[in-house]
Amino acid sequence: MLASDGEKHTQLRRVLSAQLAPRAIRHLVGTVTTRAQRLVDEALAEADQFDAAALARRMVSDTVMAQMGLPEETREPLLAGAAPTFDVFGADNARTQRALPIASQMVDFLHQTITRETVVSESWMGAIFQAVDEGRLDESDAIPLASAYTAASMDTTILGITEAIAQLAKHPRQWELLRAEPTRATAAFHEALRLEAPIQGFGRLVAQPTDIDGVRIDRGEQVWLLYGSAGRDPHEWGADADDFNIRRRRPDRHLAFGGGPHLCAGIHLAELQARAVLRALAARCTRLTIRGEPVRVLNNLLRGWGHLPIAAELGPRGPSASINAAAHACERGTAS
Ligand code: HEM
């Protein structure tokens, strides 16, 4: 999907557009909020320390598995194959070479495991098979499309949520602000994405000769779009571009979700999950501190934490975890 253009791209993108539209995502608010509260309670149950990356991984994989309607045995192979799928977009280095067989094994595995009989019919995968049955999608595109959605939705959101927790732990005043005004959870997520874009960049082929800031780029040249760098551009964000500020005006202007016809298809779902986790944490923890050594994910494209040890100071349970569909719409600016 990401590498298609024109009509083919429109055809592929249309298959799940209704499932990812704000209206459909509003229906998930209750389930996703409850899931986040349960996972945060579990993470804080045994000790006052937890791995934020593991919490985000559980949250996102549970959501994606449920929405895709995939059999449980696909969870681990999908999680294992998603990051290498991003590695192969990178430069042709040793990491790409190591990732290529893993990424293709994941697609082979999905071909063998996913059938009309093994998926839940009321799901994204059900909708993909329905599009095939109605002649809107080639049978040969069904599994690659499912694989594109699962790869695109896993590590990106996991790294984004983990980064938001890292930033809030590093900036206690911003954490206090979020606890006082939980509706700023979406802004906190966007600030984290702006500063540390989970996908740092993508390559593109230039379709027509163009000029960017006095630099001529010819048709057919390959360019590298640096989403991560754009988020810190002082011309756009001002002298405090490097600061984490959840009160920043329109923090969602960053390019961490790309732009144009290929703009990320999962923005509303990513926001919903991040908001639910941040608000569930804000309702329980008066303070977060990074305790121990965080470990970076090493990937040709992805940036973020694979392990983020967080010490939490617990307080009485606050009201900030509860978001309902109306509050979700207001926070997103989608209320009618
Ligand atoms: C924080 C989380 C996420 C980030 C940072 C992110 C980032 C991106 C970026 C940079 C692109 C490329 C855009 C371009 O080329 O202009 C993209 C495309 C895409 N994303 Fe996301 N994404 C996230 C979450 C999700 C989720 C949750 C889903 C699925 C539900 C998803 C599905 C897709 C798809 C299908 C595309 C390809 C769109 C197309 O080619 O038309 N993403 N995403």
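None of the values given here were measured: they were computed from a predicted structure.
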Gln67 side chain vs Trp124 backbone, donor-acceptor pair below 3.5 Å: no
Connected via hydrophobic side-chain network under 4.5 Å: Val132 and Ile114: yes
Sequence-distant partners of Leu225, side-chain contact (heavy atoms from CB on, under 4.5 Å), two or more places apart: Arg204, Val223, Tyr227
Aromatic plane relationship, His9 with His262 - under 30° parallel, 30 to 60° tilted, over 60° perpendicular: tilted
Pair Gln11, Glu7: side-chain N/O donor-acceptor within cut-off below 3.5 Å: no
Audit row: Asp240, Arg248, salt bridge (Lys or Arg N to Asp or Glu O under 4.0 Å) steps and yes/no: CA-CA 10 Å; Asp240 66 345; Arg248 189 180 293 280; 3.3 Å; yes
Side chain to side chain donor-acceptor pair (under 3.5 Å) partners for Asp92, two or more places apart: Gln97
Distance (rounded to the nearest 0.5 Å) between Leu110 CG and Ile143 CD1: 6.5 Å
Under 3.5 Å: donor-acceptor pair, side chain of Thr115, backbone of Glu117: yes
Note, Thr150 side chain near Met65 side chain (heavy atom, < 4.5 Å): no
Trp237 six-ring face occupied by Arg194 cation (under 6.0 Å, within 45°): yes
Heavy-atom check, side chain of Leu226 versus side chain of Gln200, under 4.5 Å: no
Within-4.5 Å side-chain heavy-atom neighbours: Ile25 and Glu271: no
Closest contact, heavy atoms only, Met125 versus Ala142: CE-O, 4.3 Å
Any donor-acceptor pair under 3.5 Å from Asp233 side chain to His235 backbone: yes
In one Ile/Leu/Val/Met/Phe/Trp/Tyr side-chain cluster, 4.5 Å: Val120, Leu70: no
Presence of salt bridge, Glu181 and Arg247, under 4.0 angstrom: yes
Distance in Å, Asp138 CG paired with Leu145 CG, rounded so as to fall on 0.5 Å steps: 11.0 Å
Euclidean distance, Glu196 CD relative to Leu159 CG, rounded to 0.5 Å: 10.5 Å
Side chain Arg58, main chain Leu55, donor-acceptor under 3.5 Å: no
pair Tyr149-Val64: side-chain heavy atoms closer than 4.5 Å: no
Check: His254/Glu191 side-chain N/O donor and acceptor closer than 3.5 Å: no
Shared hydrophobic cluster, Ile165 / Leu314 (ILVMFWY, side-chain heavy atoms < 4.5 Å): yes
Ile217 reachable from Phe202 in the ILVMFWY side-chain graph, under 4.5 Å edges: yes
Distance (rounded to the nearest 0.5 Å) between Cys285 SG and Asp48 CG: 9.5 Å
Asp51-His307 side chain donor-acceptor pair, cut-off 3.5 Å: yes
Check: Ile158 main-chain N/O paired with Thr162 side-chain donor or acceptor under 3.5 Å: yes
Main-chain N/O of Ala282 paired with Arg179 side-chain donor or acceptor, under 3.5 Å: yes
Under 3.5 Å side-chain donor-acceptor pair for Asn93 and Asn300: yes
Ile246 backbone acceptor or donor facing Gln174 side chain under 3.5 Å: yes
Side chain proximity check, Thr113 to Pro71, heavy atoms < 4.5 angstrom: yes
Heavy-atom closest contact (Ala230 atom, Leu255 atom, distance): CB-CD1, 3.8 Å
Cluster link Leu178 to Leu281, ILVMFWY, side chain under 4.5 Å: yes
Spatial distance of atom NE2 (His111) from atom OG (Ser140) [nearest 0.5 Å]: 8.5 Å
Criterion side-chain contact (heavy atoms from CB on, under 4.5 Å) on Thr34 and Arg38, from CA distance to verdict: CA-CA 6 Å; Thr34 309; Arg38 178 175 50 78; 5.6 Å; no
Exercise: do Arg35 and Thr63 side chains pair donor with acceptor under 3.5 Å: yes
Closest non-hydrogen atom pair between Ala241 and Leu195, with its separation: O-CD2, 3.5 Å
Side chain to side chain, Thr286 and Glu176, heavy atoms closer than 4.5 Å: no
Residue Glu134 excluded, over 12 heavy atoms near CD under 6.0 Å: yes
Main-chain N/O of Ala207 paired to Arg219 side chain as donor or acceptor, under 3.5 Å: yes
Side chain proximity check, Asp218 to Val206, heavy atoms < 4.5 angstrom: no
Face-on cation placement of Arg296 at Trp305 ring, 6.0 Å and 45° thresholds: yes
Taking every non-hydrogen atom, the tightest pair across Phe257 and Phe189: CZ-CE2, 4.4 Å
Nearest heavy-atom neighbours spanning Gln222 and Gly203: NE2-CA, 4.5 Å
Donor-acceptor contact below 3.5 Å, side chain Arg57 vs main chain Gly306: yes
Neighbour count >12 (heavy atoms, 6.0 Å) for atom CZ, Arg23: no
Side chain to side chain, Glu163 and Leu193, heavy atoms closer than 4.5 Å: no
Test side-chain contact (heavy atoms from CB on, under 4.5 Å) applied to Asp141 and Leu12, step by step: CA-CA 8 Å; Asp141 285 330; Leu12 293 173; 4.1 Å; yes
Approximate separation, where rounding is to 0.5 Å, of Leu79 CG and Arg75 CZ: 7.0 Å
Flag, side chain of Arg287 to backbone of Pro172, donor-acceptor distance under 3.5 Å: no
Evaluation steps, side-chain contact (heavy atoms from CB on, under 4.5 Å), between Leu263 and Ile267: CA-CA 9 Å; Leu263 173 74; Ile267 297 177; 4.0 Å; yes
side-chain contact (heavy atoms from CB on, under 4.5 Å) assessment of Arg14 paired with Arg136: CA-CA 9 Å; Arg14 203 177 279 147; Arg136 291 181 281 117; over 6 Å; no
For Ala280 against Val40, the heavy-atom pair lying closest together: CB-CG2, 3.7 Å
